Amino acid sequence: KLDKIYEEIEKPIIHIIKKMQDYGILIDKKYFENLSKGYHKELDKLTDKIYKIAGLEFNINSPKQLGEVLFDKMGMKSSKKKNSNGSFSTKVSVLEELEENNPIIKEILAYRELQKLLSTYIDVIPKMTGEDDRLHAKFLQNGTTTGRFSSQDPNLQNLPIKTELGKRIRNGFIAGKGYKLLTFDYSQIELRVAAMLSGDKKMTQIFCDGKDIHSGVASFVFGVPLEKIDGEMRRKAKVINFGIIYGMGVSSLRKSLGGTREEAQKFYDNYFNQFSGLRDYLEGVKVFAMKQVYTETLFGRRRYFPNINSRIPFLKNMAERTAINAPIQGTATADIIKLAIRYSEEDLKNADLLNKAHLVLQIHDELVYEVEEGFLMEIEKVIKNAMQTVLERSYLHYKTNVPLIVHSGFGDNFGEVK
DNA sequence: TCTCGATGCCAC
DNA sequence: AAACGTGGCATCGAGA
Ligand SMILES: Nc1nc2c(ncn2[C@H]2C[C@H](O)[C@@H](COP(=O)(O)OP(=O)(O)OP(=O)(O)O)O2)c(=O)[nH]1
Ligand SMILES: [Mn+2]
Ligand SMILES: [Mn+2]
């Protein structure tokens with residue numbers, strides 16, 4: 001089995017990944033320079049404001065100093081301290097509770113966002129391009145315990161998208177003249193895999209009907225009709241869906257839901273009552289893991305859990321959560337996407353399109369190509385088809401009622417793909 | 001200049 | 001507070 005995974009899934013894409021890195025992705029350096037100027041100016045203004053309100057200058061980047069200023073000098077009270085070193089937590093979720101308390105909080109949150117964007121992306125990425133203005137980041141085929149890729153130097157799998165200020169960074173990733181960026185992302189991929197592996201009747205039916213669980217949960221949680229679900233609401237629903245499946249506690253769920261503890265408990269119970277097949281499957285995976293000390297993906301990719309029978313509750317519980325996550329995450333964003341990379345390449349080659357489509361990014365369940373404009377539609381069709389048919393084409397000839405759906409988009413830059 | 005753990009936050 | 005999972009990376013502060 002492991003031999004098959006190597007021969008059929010990993011080995012055939014080694015050269016494709018190498019090609020992707022060598023080809024790189026085109027960067028609009030001028031755009032980044034301008035963005036940097038504007039954001040730095042705003043950051044300086046925020047710095048002054050914060051010093052003024054605090055009545056003293058300090059290093060805002062130091063959580064230790066910030067905590068002392070807010071909670072000692074300014075006398076704000078936070079619910080919790082950190083246990084070990086006794087200093088205050090200053091993370092966003094804590095600060096947000098104090099937002100109405102003092103105007104400094106709003107400025108600190110804005111400062112944090114800009115500082116993050118500038119120091120991690122805007123002031124780093126243009127410096128790392130080659131003479132061709134292309135960025136040749138690394139994609140590690142065995143970068144994770146579940147079989148996912150990782151990316152580094154820089155990491156191109158975590159480019160901002162949630163906030164407007166962050167999303168603008170994606171506009172600096174562009175297609176060359178006469179080319180477009182063409183993107184493909186699997187719809188609700190790990191939910192679909194969860195439905196397949198568990199055989200849950202209701203969840204399978206939802207996907208057969210072409211429905212969207214992320215949006216459905218968002219609609220329920222925010223009490224608005226499906227048509228009025230925006231990206232932010234859907235993203236929050238994602239956290240809830242995957243959180244529940246992978247062992248989130250009720251306290252944490254309550255934070256995501258925004259209601260009372262009782263409501264959260266009810267939501268949780270109701271969720272697994274609706275998807276009882278999923279619940280039973282997850283319990284079964286735990287039992288399997290305790291006996292075998294490993295779990296495996298649809299294709300037999302294994303991960304071992306030495307702590308699964310530990311008497312230390314924290315370690316055992318953590319092992320259980322990782323044990324139920326690995327088969328689903330591994331099937332979706334390792335087995336499936338890697339086969340998709342392989343078959344897409346094969347089909348492009350057979351259609352004589354390989355010199356007109358270049359893989360430039362892999363983002364877990366998403367592939368981004370730079371393609372010659374004139375062949376856009378043709379290429380889109382080939383790749384989407386390859387991605388959606390990987391399971392039946394694979395050596396497993398896997399048949400399932402759960403369809404794999406891919407959403408595609410294209411544009412002149414990564415921020416404006418539609 | 002480097003390492004390290006802690007803190008914090010970006011994405012999927 | 002915490003105990004959805006998988007990652008990478010900037011910064012601080014202590015220590016070489
Ligand atoms: N455990 C966990 N997994 C996540 C989370 N966010 C994303 N993932 C995993 C599961 C997703 O299916 C997979 C791909 O992420 P996407 O952003 O593409 O979401 P998804 O495919 O579910 O929905 P989509 O229809 O593409 O918007 O990555 C998360 O917050 N927790
Ligand atoms: Mn997706
Ligand atoms: Mn995705």
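A note on names: the letters A, B, ... follow the listed sequences, proteins ahead of strands, and every chain is numbered from 1. If you're wondering where the values come from, they're calculated on a predicted model, not measured in any experiment. In what follows, every heavy atom counts, from backbone to side chain, and hydrogens, waters and symmetry copies are set aside.
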Q | Centroid-centroid under 6.0 Å between Tyr186(A) and His364(A) rings | A | no

Q) Hey, are Asp132(A) and Tyr23(A) close enough side-chain-wise for a donor-acceptor pair under 3.5 Å? A) no

**Q.** Cationic N near anionic O, under 4.0 Å, Glu232(A) to Lys236(A)
**A.** yes

(Q) Classify Arg321(A) by what it touches in the nucleic acid, base, sugar-phosphate, or nothing, heavy-atom distance under 4.0 Å. (A) sugar-phosphate

Q | OP1 or OP2 of dG8(B) under 4.0 Å from side-chain N/O of Arg112(A) | A | no

Q: Consider the side chain of Arg170(A), meaning its heavy atoms from C-beta on, and name the nucleotide among dA11(B), dA3(C), dC4(C) that approaches it most closely.
A: dA11(B)

Q: For nucleotides 7-16 of chain C, just jot down a letter per nucleotide in 5' to 3' order: B, S or -, based on protein non-hydrogen atoms under 4.0 Å.
A: BBSSSSS---

Q: Report yes or no: is the cationic atom of Arg279(A) (NZ for Lys, CZ for Arg) under 6.0 Å from the centre of the six-membered ring of Phe272(A), at an angle within 45° of the ring normal?
A: no

Q) Given atom CG of Asn307(A) and atom P of dA3(C), what is their separation to the nearest angstrom? A) 15 Å

**Q.** Nearest heavy-atom neighbours spanning Leu298(A) and Leu396(A)
**A.** O-CD1, 3.7 Å

Q | Backbone N/O of Ile5(A) and side chain of Glu10(A): donor-acceptor pair under 3.5 Å | A | no

Q: Could you work out the separation of dC4(C) and dC4(B) based on their P atoms and round it to a whole Å?
A: 30 Å

Q. Can you tell me how far P of dG8(B) sits from CD1 of Ile108(A), to the nearest Å?
A. 13 Å

Q: Select base, sugar-phosphate, or nothing to describe what Lys162(A) touches, counting heavy atoms under 4.0 Å on all strands.
A: sugar-phosphate

Q) Touch check for Ile161(A), heavy atoms < 4.0 angstrom, all strands: base, sugar-phosphate only, or nothing? A) sugar-phosphate

**Q.** Distance in angstrom units between Leu367(A) CG and dA11(B) P, rounded
**A.** 20 Å

